[in-house]
Number of protein chains: 2
Amino acid sequence: MQIATALPGRKRQLTKVFKALSDGTRQEILRLLEGSQRTVGEIVGNFSLSQPTISRHLAVLKEADLVVDQRQGQNVIYRLNDETLSASMRGFFGQFRSCQHSLR
Amino acid sequence: MQIATALPGRKRQLTKVFKALSDGTRQEILRLLEGSQRTVGEIVGNFSLSQPTISRHLAVLKEADLVVDQRQGQNVIYRLNDETLSASMRGFFGQFRSCQHSLR
DNA sequence: GCGACTCATAATCGCTAGGTCATGGGTTCA
DNA sequence: TGAACCCATGACCTAGCGATTATGAGTCGC
């Protein structure tokens with residue numbers, strides 16, 4: 001049932017999310033995906049970074065559960081995981097009174 | 001007045017905030033300070049880390065403008081900077097439709 | 001099956017981050 | 001003034017991060 005590790009697990013997940021968000025390139029990728037889902041190639045085209053570098057960044061975002069990937073033929077399509085985004089926001093910032101005012 | 005660098009500055013500031021939040025110890029420190037302001041010594045007492053290490057973490061949080069310090073006699077008191085916390089939350093997560101529902 | 005295309009992974013490198021101990025600077029009090 | 005206290009900073013070490021090039025693994029069309 002995973003009760004004992006439930007809370008620490010939540011914390012670790014939050015830390016993973018913030019680590020993922022702590023890089024400017026990954027923030028940009030999320031913004032890009034907010035527009036619409038995109039293939040890896042399309043994402044690479046928006047940066048002056050190599051394809052493997054972007055691939056690593058995508059792996060970090062995926063590990064944090066911030067994005068979801070889906071193979072479609074030759075391509076791999078990435079899209080936002082809306083659930084994790086809003087859950088992380090509420091989960092962390094909801095702990096602070098000053099933020100609760102801005103949350104519903 | 002810092003207008004020209006306002007937007008890139010905002011992004012850099014957000015990245016600094018998330019870098020600060022990407023460490024479990026610093027997250028804990030913020031939670032502690034949400035309870036109430038505390039001296040460095042009191043904060044150190046809540047962790048099994050050396051005083052210099054905590055001092056460094058506090059410096060990172062201060063550099064991100066997430067906390068404010070104030071000398072009081074021998075002690076230095078740290079407290080949350082509520083403004084930065086909520087502004088960062090709104091500034092970043094407000095970019096995503098899935099989060100706008102949770103924001104007011 | 002073979003080449004071409006798309007993406008992920010391995011190996012490597014330089015830099016940053018987080019930890020330590022030792023020390024310095026500011027403040028209080030006798 | 002000087003001892004004691006509180007905190008920050010310097011010097012150092014190790015581990016992890018972000019970047020690269022080179023290569024491997026799926027998938028499609030011929």
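Naming: A, B, ... by sequence-line order, numbering from 1 per chain.
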Can you tell me if [X] touches the phosphate of [N], counting only side-chain N or O atoms and a distance under 4.0 Å to OP1 or OP2?
X     : N      : result
A:R26 : D:dG18 : yes
A:Y78 : C:dA8  : yes
A:S50 : D:dT20 : yes
A:N75 : D:dT27 : no
A:T53 : D:dG18 : no

Without decimals, in angstroms, what is the distance between [X] [atom1] and [N] [atom2]?
X     : N      : atom1 : atom2 : value
A:K19 : D:dG16 : NZ    : C1'   : 9 Å
A:Q51 : D:dT21 : CD    : P     : 12 Å
B:R71 : C:dT28 : CZ    : C1'   : 11 Å
B:F47 : C:dT20 : CZ    : P     : 13 Å
A:L49 : D:dT21 : CG    : C1'   : 15 Å
B:Q70 : D:dA8  : CD    : P     : 13 Å
B:L21 : C:dG18 : CG    : P     : 12 Å
A:L61 : D:dC17 : CG    : C1'   : 14 Å

Problem - Selected nucleotide, minimal atom distance to B:T25 side chain, candidates C:dG19, C:dC7, D:dT21 - result: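 Of C:dG19, C:dC7, D:dT21, C:dG19 is nearest to the side chain of B:T25.
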Practice task
Kindly point out which of D:dG18, D:dT21, C:dG19 is positioned nearest to the side chain of A:H57?
Solution key: D:dG18
Exercise for the section: Report the relative orientation of the aromatic rings in A:F18 and B:F18; use parallel for angles under 30°, tilted for 30 to 60°, perpendicular for over 60°. Expected result: parallel
Problem - A:L49 and A:V44: CA distance, side-chain angles, deciding distance, side-chain contact (heavy atoms from CB on, under 4.5 Å) verdict - result: CA-CA 7 Å; A:L49 292 172; A:V44 171; over 6 Å; no
Between [X] (side chain only) and [Y] (backbone N and O only), is there a donor and an acceptor less than 3.5 Å apart?
X     : Y     : value
A:T84 : A:D65 : yes
A:R71 : A:V76 : no
A:Q13 : A:A64 : yes

Exercise for the section: Decide whether A:V60 and A:L80 are clustered together by the hydrophobic rule: side chain heavy atoms of Ile, Leu, Val, Met, Phe, Trp, Tyr closer than 4.5 Å, transitively. Expected result: no
Exercise for the section: Establish whether A:V68 and A:L30 are linked, either directly or via other cluster members, by ILVMFWY side-chain heavy-atom contacts under 4.5 Å. Expected result: no
Practice task
Drop me the distance from B:S88's OG to B:E83's CD, to the nearest 0.5 angstrom.
Solution key: 9.5 Å
Handout entry: Base of D:dG10 paired with side chain of B:R56 (donor-acceptor, under 3.5 Å)
Key =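 Such a pair exists between side chain and base.
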Exercise for the section: Spell out yes or no: do the side chain of A:Q74 and the base of C:dA4 have one donor N/O and one acceptor N/O closer than 3.5 Å? Expected result: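 Donor-acceptor pair under 3.5 Å: no.
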Exercise for the section: For the helix from C:dG1-D:dC30 to C:dA30-D:dT1, figure out the bend between the end axes, five pairs an end, and round to 10 degrees. Expected result: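 Between the axes fitted at each end of the helix from C:dG1-D:dC30 to C:dA30-D:dT1 lies an angle of 20°.
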Fill in the blank from the handout: Between A:G73 and B:G41, the residue closer to the 5' end of DNA chain D by nearest nucleotide is B:G41
Handout entry: A:V60 vs B:I77, nearer the 5' end of DNA chain D by closest nucleotide
Key = B:I77
